[in-house]
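Ligands are counted one by one from 1 in listed order, and the atoms in each one are counted from 1 as well.
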Amino acid sequence: MTSPLLMIPGPIEISDGVRQAAGVAPPSHVAPGFIEDFGRALELMRYVWCAAADSQPFIIAGSGTLAMEMAIYNVVEPGDAAVVVNSGYFSDRMGEMLRRRGVAVTHVRCAPGAVPDLEAVEAAIAAVGPALVCATHVDTSTGVRVDAARIAASAKAHGALSVFDGVCATAAERFEMEAWGADIYLTASQKAVGLPAGLALMVASAAAMARRAALKTPPPMYLDWDSWTPIMRAYEARRPSYFGTPATTLVGALRLGLDEILAADSDPARAMEARFALHQRSADAMRAAWSAMGLSLVPTDARTAANTLSAVRYPKGVDATLPGLIKARGVVVAGGLHPAIKTEYFRVGHMGHVLERPEALERTVEAVGTALNGTGFSVDVGTAKAALWAVLGEEA
Ligand code: PMP
């Protein structure tokens, strides 16, 4: 039997190249090859993030939650105010981190599956005058994507910094860090970047770095950019340096993974355009298949449905046993996550390397369709697959 296909919204299927790079004997953190990989990975991050030349990338051992905490602790301090554009589960987490940092938090909330109203966001920023505006680019719990360009612009217009949690978006959803004026864009290695879990990744703007320099209450040492910036700068200058041992094997895999992401074109900006377009097309194709099966999505407005995952409602008569039935057909999908609707939907990731193997998307559609037929909710799997291929074939 073929091995199960991992189609959850992270960790994701990884490429053979990344798998090999992640399987080498762990190098020393001062080995010449490692120094080159680390330096190059930092440089490549700026391209994948569409970030400014004077921005600072960080590669830190840890998960996405560490990246969130590091971002927050370096740009706000006790007594500051922040606005959280709250689209679900991970925005709540961001709010709690801010609260623990002693920051006064104003949430702009929405119903599960919706995104906060941008005029309400603008009004909250104008009323609060926050030091920071935070948003989750793609909320993994509901599959919605916020308008990061507009939020970054609103923050900037009011003199606030902006932080975007891109854990379920970076390297897949369009994000033009420099052009949009965003200050921090963070992610974790196990999602669209296409690595095993274990790296917290972020790029900070010059303005965000200046804010750290002005803080009166420094972050804990491991979270502190002041601990890590000299290390990142040294490796980028191809010199080894030490604060805490880097995840050497994963850093090597990261260099390779970023190279693969940018391989589509010799011009990195064009490579990223191709990357964003691939995710858009693949997501449109998956949505066409769900629709052909008569399924509806958690996102209430099709324009805000994320390209990295589908959050799909169980049809009438089908319950949370469905993911188990899909798994029995060789495809692993995830159950619901948002506490208010947890048992009402399932989630299918479609990001990263797997999109270059569209037959994997077909296998997923087939597994979901046949599993549904096993429940008594009848779908035409052939029609769903045809709908998928009709979109995949459009510009391929
Ligand atoms: N933010 C978002 C949007 C996420 O999807 C996740 C993980 N699913 C996190 C933050 C936390 O990342 P990690 O699990 O790597 O700590």
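The side-chain hydrogen bond (donor to acceptor under 3.5 Å, both in side chains) contacts involving residues 334-345 comprise Arg313-Glu344, where partners must be two or more places apart or lie in separate chains.
Residues forming a salt bridge (charged side-chain N to carboxylate O under 4.0 Å, His left out) with Arg174 (at least two apart in sequence, or on another chain): Glu176, Glu273. Applying the salt bridge (charged side-chain N to carboxylate O under 4.0 Å, His left out) test to Arg150 and every residue at least two apart in sequence or in another chain returns nothing.
Residues Gln20 and Asp16 have side chains that never bring a donor and an acceptor to within less than 3.5 angstrom of each other. Side-chain atoms of Asp139 and Ser87 include no donor-acceptor pair closer than 3.5 Å.
Electrostatic pairing of Arg40 and Asp37 does not count as a salt bridge here, judged by no charged N lying under 4.0 Å from a carboxylate O.
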Could you pull out every N or O of ligand 1 that sits under 3.5 Å from a protein N or O, with the distance for each pair?
{"from": "ligand 1", "atom 1": "1 (N)", "to": "Asp165", "atom 2": "OD1", "distance (Å)": "3.3"}
{"from": "ligand 1", "atom 1": "1 (N)", "to": "Asp165", "atom 2": "OD2", "distance (Å)": "2.6"}
{"from": "ligand 1", "atom 1": "5 (O)", "to": "Thr140", "atom 2": "OG1", "distance (Å)": "2.4"}
{"from": "ligand 1", "atom 1": "5 (O)", "to": "Lys191", "atom 2": "NZ", "distance (Å)": "3.2"}
{"from": "ligand 1", "atom 1": "8 (N)", "to": "Lys191", "atom 2": "NZ", "distance (Å)": "2.8"}
{"from": "ligand 1", "atom 1": "15 (O)", "to": "Gly64", "atom 2": "N", "distance (Å)": "2.8"}
{"from": "ligand 1", "atom 1": "15 (O)", "to": "Gln190", "atom 2": "NE2", "distance (Å)": "2.9"}
{"from": "ligand 1", "atom 1": "16 (O)", "to": "Ser63", "atom 2": "OG", "distance (Å)": "2.5"}
{"from": "ligand 1", "atom 1": "16 (O)", "to": "Gly64", "atom 2": "N", "distance (Å)": "3.3"}
{"from": "ligand 1", "atom 1": "16 (O)", "to": "Thr65", "atom 2": "N", "distance (Å)": "2.8"}
{"from": "ligand 1", "atom 1": "16 (O)", "to": "Thr65", "atom 2": "OG1", "distance (Å)": "2.6"}

